Amino acid sequence: MNKEQIIRVDNHEFELLINHAQLMNRIRELADQISEDYHSKVPIFVGVLNGAFIFMSDLIRELSIECEVDFIKISSYADKRVSSGQITMIKDFSADLYNRDVIVVEDIVDSGRSVQYLQKRIESMKPASVKFVSLLVKKECAVVPLKIDYIGFEIPNKFIIGYGLDIAQKKRNLNVIYQIKGKEIS
Ligand code: IMP
Ligand code: MG
C-alpha cells in the first residue's frame, strides 16, 4: 500500500519522502531511547490531535516501559496550509499533570508556535518534567526558539501529507509521508 512515488491530490503533485520501513525503524529507535531515559518511571504521553494520533500509537507500542496516555486538541491551521499564528484550544487535558513526567507527542513542528503554547500551559500545571517528541521538524521554519528533545526526521520546508498529517483533513491515513513537488504552496 502507498508504494507510489508520485500521487496527485487536489491538483497538486506529491512525491514520496519517507517510506513505511523508514518510519517504523526510526520510531523504534525513538521508543528505545525514551524507554532508556524513562527507565523505572511511568511517563504520561500527551498526543496533540489530530496529527499525532498515528505516530503516538506506533511509538507507545514500541516502548518497554509503563506509560499512560492523554490527548489535547489545538488548532493553528484551520484548513489552510499556512499557519495563522493563532492557537485555539479545542480539547483540553483530561489528566492531572501535577508532578508527572510529561512527554508531549507532536506530528510536526513547523513555526514552533504550538509547542511554545503547550510548553507554557503544561508548565503552569507544575509537572515533574516536560519533554517534547516530534516525528518531523521543519528546521528552517521555526520562528520561535524551542527545544525538541526527540526528533524523528528533519525535513525541508515543504508541505507534507500522510501518516497523520492532512491536506484539508484528508490523507491522514496514508502509511507513508509525501511532500509537495516543486515550490511551497500557501
Ligand atoms: P506550528 O505551530 O507552526 O509548529 O504548527 C504545527 C502544526 O501545524 C502541526 O502539528 C500540524 O498539524 C500542522 N502542520 C505544519 N506543517 C504541516 C504540513 O506540512 N502538512 C500538514 N500539517 C502541517
Ligand atoms: Mg493539520
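Counting starts at 1 for both ligands and their atoms, following the listed order. It should be emphasised that the depicted structure is a prediction, and the values quoted were computed from it without experimental measurement. Numbering starts at 1 and runs along the sequence shown.
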Considering only heavy atoms of R113, which atoms of ligand 1 have at least one such atom less than 4.0 Å away? 2 (O), 4 (O)
Which segment of L165 sits under 4.0 Å of ligand 1 when only heavy atoms are counted: side chain
Side-chain donor-acceptor pair under 3.5 Å between N99 and K126, yes or no? no
Can you tell me if K138 has a non-hydrogen atom under 4.0 Å from ligand 1? yes
So is I108 in contact with ligand 1, going by heavy-atom distances below 4.0 Å? yes
Enumerated ligand 1 atoms positioned under 4.0 Å from heavy atoms of I160: 18 (C), 19 (O), 20 (N), 21 (C)
Whether over 12 other heavy atoms sit under 6.0 Å from K91 NZ: yes
Distance filter under 4.0 Å to G112 heavy atoms, resulting ligand 1 atoms: 1 (P), 3 (O), 4 (O)
Could you check whether Y163 and N173, counting side-chain N and O atoms only, form a donor-acceptor pair closer than 3.5 Å? no
Can you name the nearest heavy-atom pair linking R121 to S124, along with the distance? O-OG, 2.7 Å
d(L23 CG, L136 CG) to nearest 0.5 Å is 8.0 Å
Within the 3.5 Å criterion, strictly below it, is a donor on D37 or Q33 matched to an acceptor on the partner's side chain? yes
Does ligand 1 have any atom sitting under 4.0 Å from a heavy atom of G51? no
Flag for Q179-E15: side-chain donor and acceptor within less than 3.5 Å: yes
Output the list of atoms in ligand 1 that are nearer than 4.0 Å to some heavy atom of S114, sorted by atom number. 1 (P), 2 (O), 5 (O), 6 (C)
Here the atoms of ligand 1 under 4.0 Å from any heavy atom belonging to D166 are 21 (C)
